[in-house]
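In what follows, residues are counted from 1 in the order of the sequence shown.
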Amino acid sequence: LSDQLYQGVLEKYEADVGKKYSYISRENRNEEFVLVLIGQILDVGHGPTKTLFDRCRVIKRVLKKKLYIINTAEMFPIQQEVPLFRIPVGAYIEKNYGGHNLCYEDDVYPFYQCSRNMPDVREIREILSLVDGKKPLCIIMIGGGSIVSDLCSKIVPTITISTVFSGRMQTRGQFQVIGREPNERDLLWAKGHGMTEEHFIKSVFTFSFKKQEHIYTRQELQLPEGKFIVVLVGGRLGEEVDEDCLQMLLKLMEQGIYVAFVGKFAPFDKWKETNEVFKAYAIDLGFREDVLAVLECVDLFINPKRTGGGTSIAEALYKGVPVVTQAFGDGGTGAGENFQAADYDEMYETVLRYKEDRDFYEEMSRMAKERAAVLTDSETEFVRVMETAMSREAFQ
């Protein structure tokens, strides 16, 4: 139903734009210029924004292309009559409005941010006119569900980078990059929109991290010395830690394992008041700007069964902290098979093994760093994605 609603919205905007554009063949496109779109830009603590900068750096430094970034501001920063249930209302940084340069570390990119009123037909027309005139080699879209990107894909090929890389994005562009093999439902969806299996490009989703600025000790974080400590990280742990997960954590606490929460676990105080085991072994570290520094002070990372979790898992692996997760969502996809368990029962048994078997722990810590090396190699992986897309028929 969501897919049908989106299609209706897209068709309405295409009709309102009025002008029909023709697809530009590759020989008539500018091989040296790439247009990069994103629906929301915040700071580097915002995952999609960091993904944008990582990919732009590869486009500029490795692929040697010129690029232009447009924030299409399609995260609906103001309430509008859009026929989607529980539509997200995203943040919007007013000072970024208009055209100027966008700086990230030592790179400078030409940049334009659309108004708060997007999707606005006038602004969409201007972007379509820009694409038709500049004739970029292709468009890179960070995230899906972009009316602007999907209308632009009728002029030049669009490659959508899925920010929920374990899932499929809402896009009508020629390609989308996901972190797994397309399944039967994906292929049926693609066929329903006139696309083939080549619409999907499987890729390892890669990360870079906010620079570590601290070195903590357990004493500074008020963590017990000489004890085995597992950590959960997330801004929505209150929703993500369900009853099954919580019962597993309580069983671990009964085995003398401490559980630290980084982020927001809303029921923490309630459980601390009503459960003696939780009170003795649970630790609330709250939100932390420097998660990498915190990870150096724990033994193991537990990922609840959730859609997200990819970034924090990559950070843990980077620090050589083994991960215990299920084969689900971004976390399971990012961690890979070596760190996956079938369910919470198997997760419980695995945590106990990490606690008791030091040789096993050391081997998995080594493998964690190897996996992290893959997850942080944006240069190799994104170049491969671009080369794959450019070799396919729909790119020509």
Side-chain angles (χ1 to χ4, degrees), residues 1-21 23 35-41 47-48 51-52 70-92 114-128 131 138-180 182-201 307-308 329-330 394:
L1 178 59
S2 175
D3 191 70
Q4 292 171 3
L5 287 170
Y6 178 78
Q7 184 65 32
V9 172
L10 181 62
E11 290 172 358
K12 177 188 183 301
Y13 275 96
E14 183 176 16
D16 288 347
V17 165
K19 184 175 180 178
K20 294 289 186 181
Y21 290 92
Y23 184 80
L35 180 64
V36 184
L37 306 180
I38 187 170
Q40 182 185 44
I41 284 184
T51 297
L52 168 82
I70 297 179
N71 175 11
T72 64
E74 291 176 277
M75 277 297 291
F76 304 105
I78 59 174
Q79 294 283 7
Q80 300 189 66
E81 292 184 5
V82 179
L84 293 175
F85 176 63
R86 294 180 65 185
I87 193 159
V89 181
Y92 181 91
C114 295
S115 73
R116 294 179 63 93
N117 298 315
M118 286 292 283
D120 175 77
V121 173
R122 179 187 59 82
E123 289 188 88
I124 293 174
R125 286 185 184 131
E126 290 177 357
I127 294 172
L128 291 171
V131 173
C138 64
I139 291 171
I140 305 297
M141 176 68 207
I142 308 298
S146 168
I147 293 163
V148 173
S149 172
D150 284 344
L151 292 178
C152 287
S153 70
K154 297 178 179 294
I155 307 174
V156 299
T158 299
I159 305 169
T160 299
I161 308 297
S162 176
T163 50
V164 182
F165 52 91
S166 60
R168 182 182 70 238
M169 301 300 286
Q170 187 70 272
T171 178
R172 302 297 184 268
Q174 283 79 358
F175 309 101
Q176 65 170 300
V177 183
I178 59 177
R180 55 173 177 76
N183 57 36
E184 185 177 351
R185 291 187 66 183
D186 297 327
L187 299 178
L188 285 172
W189 174 88
K191 184 177 180 181
H193 292 290
M195 297 180 284
T196 69
E197 185 176 353
E198 288 203 336
H199 169 77
F200 298 101
I201 300 175
T307 301
D330 289 354

Residue pair [X] / [Y], side-chain heavy-atom distance below 4.5 Å:
{"X": "Val148", "Y": "Cys114", "value": "no"}
{"X": "Met169", "Y": "Val177", "value": "no"}
{"X": "Met195", "Y": "Trp189", "value": "yes"}

Where do [X] and [Y] come nearest, in terms of heavy atoms and distance?
{"X": "Asp150", "Y": "Tyr6", "answer": "OD2-OH, 2.5 Å"}
{"X": "Gln174", "Y": "Val156", "answer": "OE1-O, 3.9 Å"}
{"X": "Ser149", "Y": "Thr158", "answer": "OG-CG2, 3.2 Å"}
{"X": "Pro157", "Y": "Ala394", "answer": "CB-O, 4.1 Å"}
{"X": "Tyr21", "Y": "Arg125", "answer": "OH-O, 4.2 Å"}
{"X": "Cys152", "Y": "Ile139", "answer": "CB-CD1, 3.4 Å"}

Problem set entry | Any donor-acceptor pair under 3.5 Å from Gln40 side chain to Ala91 backbone | yes

For this session: Check whether any side-chain N or O of Asp120 sits under 3.5 Å from a backbone N or O of Glu123 as a donor-acceptor pair, and report yes or no.
Result: yes

Quick one: [atom1] on [X] to [atom2] on [Y], what's the gap to the nearest 0.5 Å?
{"X": "Leu35", "Y": "Met141", "atom1": "CG", "atom2": "CE", "result": "10.5 Å"}
{"X": "Asp16", "Y": "Arg122", "atom1": "CG", "atom2": "CZ", "result": "14.5 Å"}
{"X": "Ile161", "Y": "Thr51", "atom1": "CD1", "atom2": "OG1", "result": "9.0 Å"}
{"X": "Lys12", "Y": "Ile147", "atom1": "NZ", "atom2": "CD1", "result": "9.0 Å"}
{"X": "Ile142", "Y": "Ile159", "atom1": "CD1", "atom2": "CD1", "result": "10.0 Å"}
{"X": "Arg168", "Y": "Ile178", "atom1": "CZ", "atom2": "CD1", "result": "8.5 Å"}

Exercise. Got a salt bridge between Arg172 and Asp3, using NZ or NE/NH1/NH2 to carboxylate O under 4.0 Å?
Worked result: yes

For this session: Dump the intermediate steps for side-chain contact (heavy atoms from CB on, under 4.5 Å) on Lys191 and Glu197, then the final yes or no.
Result: CA-CA 8 Å; Lys191 184 177 180 181; Glu197 185 176 353; over 6 Å; no

For this session: Verify the distance criterion only: is there a donor paired with an acceptor across the side chains of Ser162 and Gln176 at less than 3.5 Å?
Result: no

Exercise. Can Thr307 and Asp330 be counted as having a side-chain donor-acceptor contact under 3.5 angstrom?
Worked result: no

Exercise. Yes or no on side-chain contact (heavy atoms from CB on, under 4.5 Å) for Leu128 and Lys19, after CA distance, side-chain angles and deciding distance?
Worked result: CA-CA 10 Å; Leu128 291 171; Lys19 184 175 180 178; over 6 Å; no

For this session: Let me see the working for Thr171 and His199 under side-chain contact (heavy atoms from CB on, under 4.5 Å), right down to the final yes or no.
Result: CA-CA 10 Å; Thr171 178; His199 169 77; 4.1 Å; yes

Exercise. Should we say atom CD of Glu126 is surrounded by more than 12 heavy atoms from elsewhere, each under 6.0 Å from it?
Worked result: yes

